[in-house]
Protein chains: 2
Amino acid sequence: MGTRERILDATADLLWERGYTATSPQAIQLAAGVGQGSMYHHFPSKAALAAASLRDSGEQLRRSTAELLRTAPTPADAVLAYLRTPREALRGCRLGRMTQDVDVLADEDLRSPIAETLTYYQGLLAALLEEGQRVGQLRSDFSATSVAATLVAIIQGAHVLARAEQAPQAFERVVAGAVHLVEGLRTR
Amino acid sequence: MGTRERILDATADLLWERGYTATSPQAIQLAAGVGQGSMYHHFPSKAALAAASLRDSGEQLRRSTAELLRTAPTPADAVLAYLRTPREALRGCRLGRMTQDVDVLADEDLRSPIAETLTYYQGLLAALLEEGQRVGQLRSDFSATSVAATLVAIIQGAHVLARAEQAPQAFERVVAGAVHLVEGLRTR
DNA sequence: GTCTATAGTCCGATAGAC
DNA sequence: GTCTATCGGACTATAGAC
């Protein structure tokens, strides 16, 4: 693995663990096992390095989520799979966590991969919900776009609760409740 | 207003705006209009000051939420009022946002007001949902505890989406979807 | 391309005058 | 109780040798 990739890997880990502002170039260099000069040779600044890392993470997450949803037999199954897929409850969402950092929100290059990925999730779920409505599996008296946004928010919020309580069970509780709520959307 | 209160007020604002690690004693002193000596006279450290501020914020939020839920005519109305109450979408939840700061999670005095408040919300909502089930307003085939956790997560996640997109409309979209989901819990 | 040395700033906290 | 001066260290970034 090349130096550039080792730097990007270390950055992704540290951004997930500590966030942007609290992650120092020094810590990245230590974790990647490179000197300061190497980091600044490959990336002009901490912000540019973080932006590259977040872009990579966003692409990876969008790809794996699309794959997850594509393999379910029915739309309702796909939505439930989105809720139930195993996640690192205590680590939080590696992109969603960044929204609490003002320096991230102030920099378009840092914010856009986050916004694009969360918007992409909502699009995938809205399409599934509409399909479920079209084939009569789901009720037609709700807005697929709104419910899709709510489902994405549920996963983000589940991470918040699990971290607050420092208990993965909080995440599971949120998911269990979400499953109850989604079951209420089925036609009967 | 006394010096101590001015310091606590400035701290609460800055913690909400910037989080814990990114808020410097210097910034607090500037915002409160006091010197370093005053701050360290009233509070032994940045951590102790932040803990006092978060305890205050938690008490205030628990009190206002209990009041909000107590004034609704029926359990389902109270749950919908929780979802629909106006919130500062782009600023985020002043307690929930802290869960992304590792230094906060590592310090029990900082973490516990957050965990206690979010747990308190869940307890209030679970009691309402159970009451709704008892009086036949809500279906009895769901876990009130789980759904209560999901409702709290929805509001936390709505803040995340709104901040990611830098658009309050994202918050409204999440709430609209949540209302659809809660309507599915009613008996018919 | 990679390294070390260093600059200039800000951090959290303490000392001590008033 | 409040102030200013200051400490020791960490921060992001640059310089320049190899």
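Naming: A, B, ... by sequence-line order, numbering from 1 per chain. Everything quoted here is computed from the prediction, not taken from an experiment. Only this structure's heavy atoms are used, side chains among them; waters, hydrogens and symmetry mates stay out.
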Among A/L151, A/L69, A/L95, A/V152, exactly one meets side chain to side chain contact (heavy atoms under 4.5 Å, CB included) together with A/Y121. Which residue is that?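 Testing A/Y121 for a side chain to side chain contact (heavy atoms under 4.5 Å, CB included) against A/L151, A/L69, A/L95, A/V152 leaves exactly one candidate, A/V152.
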Practice prompt. Tell me which nucleotide among D/dA13, C/dA13, C/dC10 gets nearest to the side chain of A/K46.
Written response: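 Looking only at heavy atoms from C-beta outward on A/K46, the closest nucleotide is D/dA13.
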Atom-pair distance ([atom1] on [X]; [atom2] on [N]), nearest Å:
| X | N | atom1 | atom2 | answer |
| --- | --- | --- | --- | --- |
| A/Y40 | D/dA13 | OH | C1' | 5 Å |
| A/F43 | D/dA13 | CZ | P | 14 Å |
| B/Y20 | C/dC11 | OH | P | 14 Å |
| A/L30 | C/dT4 | CG | C1' | 15 Å |
| A/R18 | D/dA10 | CZ | P | 13 Å |
| B/M39 | C/dT14 | CE | P | 10 Å |
| A/Q26 | C/dC11 | CD | P | 17 Å |

Between the protein and nucleotides 1-4 of chain D, which nitrogen or oxygen pairs are less than 3.5 angstrom apart?
unit_1, atom_1, unit_2, atom_2, d
D/dT2, OP1, B/T3, OG1, 2.5
D/dT2, OP2, B/H42, NE2, 2.6
D/dT2, O5', B/S38, OG, 3.3
D/dC3, OP2, B/G35, N, 2.4
D/dC3, OP2, B/S38, OG, 2.9

Tracing side-chain contacts under 4.5 Å among Ile, Leu, Val, Met, Phe, Trp and Tyr outward from A/Y40 reaches A/I7, A/L8, A/L14, A/I28, A/V34, A/M39, A/F43, A/L49
| query | Can a donor-acceptor pair be found between the side chains of B/S38 and B/Q29 at a distance below 3.5 Å? | reply |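 No donor-acceptor contact under 3.5 Å links the two side chains.
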- Query: Can A/R173 and A/E165 be counted as an ion pair, charged N to O under 4.0 angstrom?
  - Reply: yes
Practice item. May I ask you to decide if B/R63's main-chain N or O and B/E67's side chain share a donor-acceptor pair within less than 3.5 Å? Key: no
query = Mind checking whether A/L161 and B/Y120 sit in one hydrophobic cluster, side chains of I, L, V, M, F, W, Y counted as touching below 4.5 Å?
reply =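 Same cluster: A/L161 reaches B/Y120 through Ile, Leu, Val, Met, Phe, Trp or Tyr contacts under 4.5 Å.
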